[in-house]
Enquirer: 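Below you'll find the structure I mean.
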Number of protein chains: 2
Amino acid sequence: MATASNDVCCAPLGSAALDEDQATELAALLKVLADPARLRLLSMVATATDGEACACDLVEPVGRSQPTVSHHLSLLVEAGLLRREKRGRWAWYSVVPERLDAIRDALAPTGAGARC
Amino acid sequence: MATASNDVCCAPLGSAALDEDQATELAALLKVLADPARLRLLSMVATATDGEACACDLVEPVGRSQPTVSHHLSLLVEAGLLRREKRGRWAWYSVVPERLDAIRDALAPTGAGARC
DNA sequence: CCCACATATCGACGCTTGTCAATGTGACGA
DNA sequence: TCGTCACATTGACAAGCGTCGATATGTGGG
């Protein structure tokens, strides 16, 4: 439920004080990033060749159990930061750069770029 | 203890896969941001006139008790995101823009700017 | 001095979350 | 069809965190 219907865009921190709803939405997105395992998974996918990585290649290097990795990947997908594509019995993940850009813009001191 | 000795700089997500230590450090910093009350406090200080705000003017609009607000402000200061200056019996807070920039750079897809 | 005020600290409470072992669900190959 | 492999889901547990009331600390005014 509530599968990344969010659009954090257009709310730079320095342009206007956030109300409770905006803050809750942005906090929820940042909370997904604020975990070592998920940051590592995201960076591993981001730096993978061809821009995508198979889940089977992520479990061992991240140093967590397979269910834990699957759980983190699901959170990243649900937050719109990763895209999942099943091929046969493997799951391939790729980054959604726009989503990361939206976060960075939300943290901008000024009115952000011409994105909005 | 460990009062913001961090320098998250120079580790863009998309340039190389983060190791456990880098990920833990960046996650700790993001975790401070990933809370509605702290995001609101940060944005209120950022948009305040003269770039600084008195704690007494933050308690009521943020809708939390005074001890809770004080706690969140302390976390933001400890993370290096806010600067605290005591004047008489009041505490004035101002943002540390470089710190926010460092976070945004760490989330950059490429090798970031010429900051490093 | 003593009191009022602004802020910080303490102690406690529920809720959230990261983690794993065990199990479920499909997809391929023999 | 059966077994194996890749991945997701479930259930449970400990640790962390946001919150508040009560209290401590420190500052200025009368």
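Order of the sequence lines fixes the chain letters, A, B, ..., with proteins taken first and strands second; residue numbering starts at 1 for each chain.
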Enquirer: Would you say a side-chain N or O of A/T68 is under 4.0 Å from OP1 or OP2 of C/dT19?
Expert: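 Result: no.
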Enquirer: Measure the distance from NE2 on A/H72 to P on C/dC20 and round it to the nearest whole Å.
Expert: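 Rounded to the whole Å, the gap is 8 Å.
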Enquirer: Report the distance from atom CH2 of A/W90 to atom P of D/dT4, rounded to the nearest whole Å.
Expert: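 Going from CH2 in A/W90 over to P in D/dT4 covers 17 Å.
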Enquirer: Give the rounded distance in Å between these two atoms: CG of B/L30 and C1' of D/dG16.
Expert: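 Distance, rounded to whole Å: 17 Å.
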Enquirer: How would you label the contact of A/H71 with the nucleic acid (heavy atoms, under 4.0 Å): base, sugar-phosphate, or nothing?
Expert: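 Contact class for A/H71: base.
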Enquirer: Does D/dC7 have OP1 or OP2 sitting under 4.0 Å from an N or O in the side chain of A/R84?
Expert: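 Checking D/dC7 against A/R84, no side-chain N or O comes under 4.0 Å of OP1 or OP2.
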Enquirer: Of the nucleotides D/dC7, C/dT7, D/dT9, which one has an atom closest to the side chain of A/A55?
Expert: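 Nearest nucleotide to the side chain: D/dC7.
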Enquirer: Measure the CZ-CG distance between B/R40 and A/L26 for me, rounded to the nearest 0.5 Å.
Expert: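 With rounding to 0.5 Å, CZ (B/R40) is 12.5 Å from CG (A/L26).
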Enquirer: Answer yes or no: side-chain N or O of B/Q66 and base N or O of C/dA8 forming a donor-acceptor pair under 3.5 Å.
Expert: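 Yes, a donor-acceptor pair under 3.5 Å.
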Enquirer: Do the side chains of B/R87 and B/E85 get close enough for a salt bridge, i.e. N-O under 4.0 angstrom?
Expert: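 A salt bridge links B/R87 with B/E85.
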Enquirer: If you assign each of B/R87 and A/Y93 to its closest nucleotide in DNA chain D, which residue comes earlier from the 5' end?
Expert: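 Nearest-nucleotide comparison on DNA chain D picks A/Y93.
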Enquirer: Whole Å only: how far is the CZ atom of A/R64 from the P atom of C/dA21?
Expert: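 Rounded to the whole Å, the gap is 14 Å.
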Enquirer: D/dT9 C1' sits how many Å from A/L75 CG, rounded?
Expert: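 In whole Å, D/dT9 C1' lies 13 Å from A/L75 CG.
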Enquirer: State plainly whether the residues B/E78 and B/R84 are in salt-bridge range, i.e. N to O under 4.0 Å.
Expert: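 Not counted as a salt bridge, because no side-chain N and carboxylate O are separated by less than 4.0 Å.
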Enquirer: Whole Å only: how far is the CG atom of B/L73 from the P atom of C/dT7?
Expert: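 Taking atom P of C/dT7 as the reference, CG of B/L73 is at 9 Å.
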Enquirer: Tell me which of A/P67 and B/A37 sits closer to the 5' end of DNA chain D, going by the nucleotide each one is nearest to.
Expert: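 Its nearest nucleotide lies further toward 5', so the answer is A/P67.
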Enquirer: Nearest 0.5 angstrom please: A/I103 CD1 to B/R104 CZ, how far?
Expert: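 Result: 12.5 Å between the selected atoms.
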Enquirer: Of all the choices, C/dT17, C/dC20, D/dG28, which nucleotide is nearest to the side chain of B/R89 once you look at every atom?
Expert: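 Nearest to the side chain of B/R89 among the choices is D/dG28.
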Enquirer: Please give, in whole Å, the distance from C/dT25 P to A/K86 NZ?
Expert: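 Nearest whole value for this atom pair: 13 Å.
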